[in-house]
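For reference, the structure is listed below as structure tokens.
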Amino acid sequence: MASVHESLYFNPMMTNGVVHANIFGIKDWVTPYKIAVLVLLHEMSTTKPMALLDRRRLNKLILPLQQGPDLTLEQFLKIVEECCLRMVNAVKLRLLLMADGELQDMEHFFTILPNAFSDSEAFKTSVVGLFMRQMLLAYNKLSFSQVYKLYKSLQQYCHHGNQPELSALPAEDMELTSNEDPSADHIDKDELDTASLHQSELRSDETRGPLSQKQAEYFLARQAYLLKNDENKAMSPAKLQDELNNILKFNPDFAEAHYLSYLNSIRVQDIYISTHSLLHYFDRLILSGGEGKSNGDEGYGRSLRYAVLNLATLHCRFGHYQQADLALQEAIRIAQEANDHVCLQHCLSWLYTLEQLKGSDSVVLTEDSVKIAAHFCLPYLASLGIQSLVKQGAKQGMPANKLLDALRGTDIMHWKQSLSELIEISLAQTTSIWRMYGKSTMARQQAQLLLNMNSLEPVNFSVQQNNTEAFAVALCHLAELHAEQGLYAVVSDILKHLKQQFPPHTQHAKLWMLCDLKIQFEKAMNDGKYHLAEPHVTAISALNSTEGLYRKAQLLKALNRTSEASKILQQLQQQCEKSKNIEMTIRCICGFQDSTPFDFSLQLLLAILFVWQGDLMLGIPEQALVLVQDVLESVLAHGSLIDKGRALLLAARCQMALAGAAAQEHRLTALEQAVHTLDEAAVYFSQLDCKERMRDIHYLQARLHHTLGNIAQRNKCSMLFRLLDQELPSSGMTVVSHL
């Protein structure tokens with residue numbers, strides 16, 4: 001089921017997608033790229049008429065060009081060309097005239113630039129007008145030597161299509177409005193290159209200059225948003241770290257860059273770099289003057305509290321529970337001193353989450369968290385607590401109607417307040433509950449509802465929120481549900497999409513890895529290829545020790561090593577009873593029937609079938625058949641193909657046992673009914689290509705046809721049985737004793 005605490009990773013540098021960055025020591029300056037943007041703006045203003053669609057495209061392009069990092073001339077012209085072919089020719093011509101002319105041509109351009117906008121109100125109030133005035137002011141402050149270097153850089157930019165090297169336009173010449181000591185921005189190179197992550201995938205222009213303040217803010221905002229909502233569209237971990245190193249090289253005290261470095265390092269599960277970056281974020285806030293505000297409701301004090309909380313979550317993610325507990329206690333202490341109820345509630349949420357991760361009972365803590373969050377009007381945290389209680393209740397076997405009622409009550413608030421993350425988690429949990437309690441059709445419906453739901457969050461950077469844990473859980477459920485029906489081609493497509501959406505280095509990749517391994521294990525077991533199933537047990541154990549033990553017991557049972565399987569199941573059952581995991585407890589009880597049910601209600605039904613199989617073995621076939629028929633409808637409606645086949649096989653065996661004791665006039669009818677039931681079971685087993693079960697079916701069919709005198713059918717079934725018996729590896733159990 002979906003984890004309910006993914007959204008508790010607080011990002012202190014983002015509010016509605018906007019980065020609250022420190023003021024750079026390096027201010028904005030004129031570069032050849034920005035001259036190209038100014039040329040584009042000038043041509044847009046002076047070129048008339050222009051097609052409405054082209055102008056609309058260019059208007060949408062202006063803000064990203066202003067805020068984004070400097071582009072090469074080739075990249076810049078390609079982007080403009082996609083919007084307006086006519087405009088790209090005019091821009092290119094104007095730039096080449098300046099580059100091929102003299103210095104006074106560039107000077108003339110900056111002289112006439114304001115004239116095209118002087119009568120426009122937008123020049124005074126718009127973002128474009130502000131950008132142009134900043135560039136004019138920065139250009140007018142240049143000394144003659146700086147103007148000359150800028151002109152040379154423009155020539156190189158236009159003729160080679162590359163940005164100027166840092167040596168051509170030194171950083172100290174770029175700090176046009178800075179009154180600070182350039183040496184203050186120096187940082188030891190060894191401190192930046194702390195790992196191979198910081199050194200790989202360097203761009204060819206590794207001597208590039210620093211980003212301006214607005215460019216850095218835009219870059220951090222975009223990457224942080226993409227990491228949260230669609231990690232595949234963000235820069236690769238190594239390349240992003242390289243860009244962050246470039247920012248920190250010119251401003252090592254830029255705290256938010258350290259925080260993004262922390263988020264980036266988590267992507268590759270690098271505990272050292274992530275801790276290093278988070279501590280640097282913490283330190284830079286103090287160095288920048290935030291220490292005096294540590295008890296305030298706003299400012300750096302709030303960020304410091306959440307920095308400690310993020311340190312606790314980091315240790316939780318890597319399984320360092322003792323360190324996480326210490327960090328949580330520190331965050332609680334700081335939050336109490338500042339009287340920050342919101343931070344305290346986040347701490348309490350992580351406190352009961354930590355208890356769950358350690359295997360302790362956290363119901364009381366969770367209930368307290370929900371009550372306090374409701375008291376302080378914090379619906380988001382209250383809903384998280386309720387969803388956590390639902391998850392714990394499902395594991396402990398609470399009635400499904402109570403769990404669904406609890407989720408339905410919170411869903412009303414989620415929709416009213418457009419809390420899309422909680423809506424997604426709720427739908428994923430509803431999918432898990434329906435599946436756990438044996439309603440596969442409803443589970444598929446809820447999963448499809450989640451996958452087809454439009455995000456309620458504002459769509460920024462052309463991204464929809466579709467890489468959350470809830471989506472991964474829903475897709476894994478669909479994969480397993482299709483595998484249960486033998487639709488392995490569809491399963492392959494779903495898993496392929498999961499691998500693309502959640503690459504192996506991402507946080508939620510373990511979900512599809514475990515799902516894939518379980519499906520492969522079940523397929524190998526159904527095919528009777530136990531030698532292929534054995535390595536899957538080891539891989540499953542690495543991801544989930546409980547599932548690994550259960551699968552190992554299944555494999556040992558199939559190999560007729562029942563004593564070893566019994567010990568493992570007893571050990572697992574004791575662990576599950578201690579942790580109140582009723583679902584796995586029932587699966588352990590069902591362990592010695594040849595079944596691997598996923599659904600809670602079906603587990604109970606199949607456990608009853610196992611008991612009735614015992615009745616059959618004890619010579620009470622009448623009672624066994626009546627009870628099988630009572631639950632057969634539910635199994636056929638909601639069970640997997642393997643469970644449907646096994647239930648019908650058991651019913652056929654009951655019918656065969658009754659036919660042996662029936663009167664002669666009713667015996668043939670009973671045997672024919674058993675043959676018909678076996679034919680139905682064979683349909684389900686054949687869809688799964690379950691050769692071991694088909695071998696059992698053919699053996700029983702051959703015996704029945706022999707009794708009925710159907711010689712041709714008997715010979716056909718006998719031949720099919722022999723072929724499968726020769727093909728399948730021996731498990732140490734004869735077919736007769738197996739049946």
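Sequential numbering from 1 along the given sequence is applied to the chain's residues. These numbers come from the heavy atoms of this one structure, side chains and all, not from hydrogens, waters or symmetry mates.
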Does the side chain of F76 come within less than 4.5 Å of V80's, by heavy atoms? yes
Applying side-chain hydrogen bond (donor to acceptor under 3.5 Å, both in side chains), can you list everything that pairs with Q155, at least two apart in sequence or on another chain? Y151
Could you tell me whether H346 and Y306 have their ring centroids closer than 6.0 angstrom? yes
Look up atom CD1 in I266 and atom CD1 in I271, then write down how far apart they are to the nearest 0.5 Å. 8.0 Å
Distance from L263 atom CG to Q223 atom CD, nearest 0.5 Å? 11.5 Å
Supply the atom-to-atom distance Q501 CD to F471 CZ, rounded to the nearest 0.5 angstrom. 9.0 Å
Test applied, side-chain hydrogen bond (donor to acceptor under 3.5 Å, both in side chains); reference residue, Q507; option that passes from R267, R317, E469: R317
Would you mind telling me which of L103, L93, L154 makes a side chain to side chain contact (heavy atoms under 4.5 Å, CB included) with M98? L154
E107 side, atom CD; I112 side, atom CD1 - distance, nearest 0.5 Å: 11.5 Å
Within a radius of less than 6.0 Å around CD of Q500, do more than 12 heavy atoms belonging to other residues, nucleotides or ligands occur? yes
Could you check if a side-chain atom of L220 sits within less than 4.5 angstrom of a side-chain atom of L244, using non-hydrogen atoms only? yes
Are the side chains of M235 and L226 in contact, using a 4.5 Å heavy-atom criterion? no
Going by salt bridge (charged side-chain N to carboxylate O under 4.0 Å, His left out), name the residues that satisfy it together with K499, two or more places apart in sequence or in a different chain. D516
Heavy-atom side-chain proximity of F131 to L38 below 4.5 angstrom: yes
If we ignore hydrogens and angles and just use 3.5 Å, is the side chain of S45 paired with the main-chain N or O of H42 as donor and acceptor? no
Less than 4.5 Å apart, any side-chain heavy atom of L97 and any of D105? no
For the residue pair F318 and T313, establish whether any side-chain heavy-atom pair is separated by less than 4.5 Å. no
Can you list the residues that meet the salt bridge (charged side-chain N to carboxylate O under 4.0 Å, His left out) rule with D54, with sequence neighbours excluded? R57
List for me each residue that meets side-chain hydrogen bond (donor to acceptor under 3.5 Å, both in side chains) alongside R333, sequence neighbours excluded, and say none if there are none. E330, E337
Contact between P504 and M513 at the side-chain level, heavy atoms closer than 4.5 Å - yes or no? yes
Is there a side-chain contact between N264 and S274 in this structure, where contact means two heavy atoms from C-beta onward sitting under 4.5 Å apart? no
Should the pair K92-E43 be classified as a salt bridge under the 4.0 Å nitrogen-to-oxygen rule? no
Does Y148 OH have over 12 foreign heavy atoms under 6.0 Å away? no
Who are the ring pair (Phe, Tyr, Trp, His ring centres under 6.0 Å) partners of H341, not counting sequence neighbours? F376
CG-NE2 distance between L314 and H320, expressed to the nearest 0.5 angstrom: 8.5 Å
Pairwise distance CG(L328) to CG(L351) - rounded to 0.5 angstrom: 6.0 Å
For the residue pair H508 and F502, does the interplanar ring angle fall in the parallel (under 30°), tilted (30 to 60°) or perpendicular (over 60°) class? perpendicular
List in chain and number order the residues that pass ring pair (Phe, Tyr, Trp, His ring centres under 6.0 Å) with F110, two or more places apart in sequence or in another chain; answer none if no residue qualifies. Y139
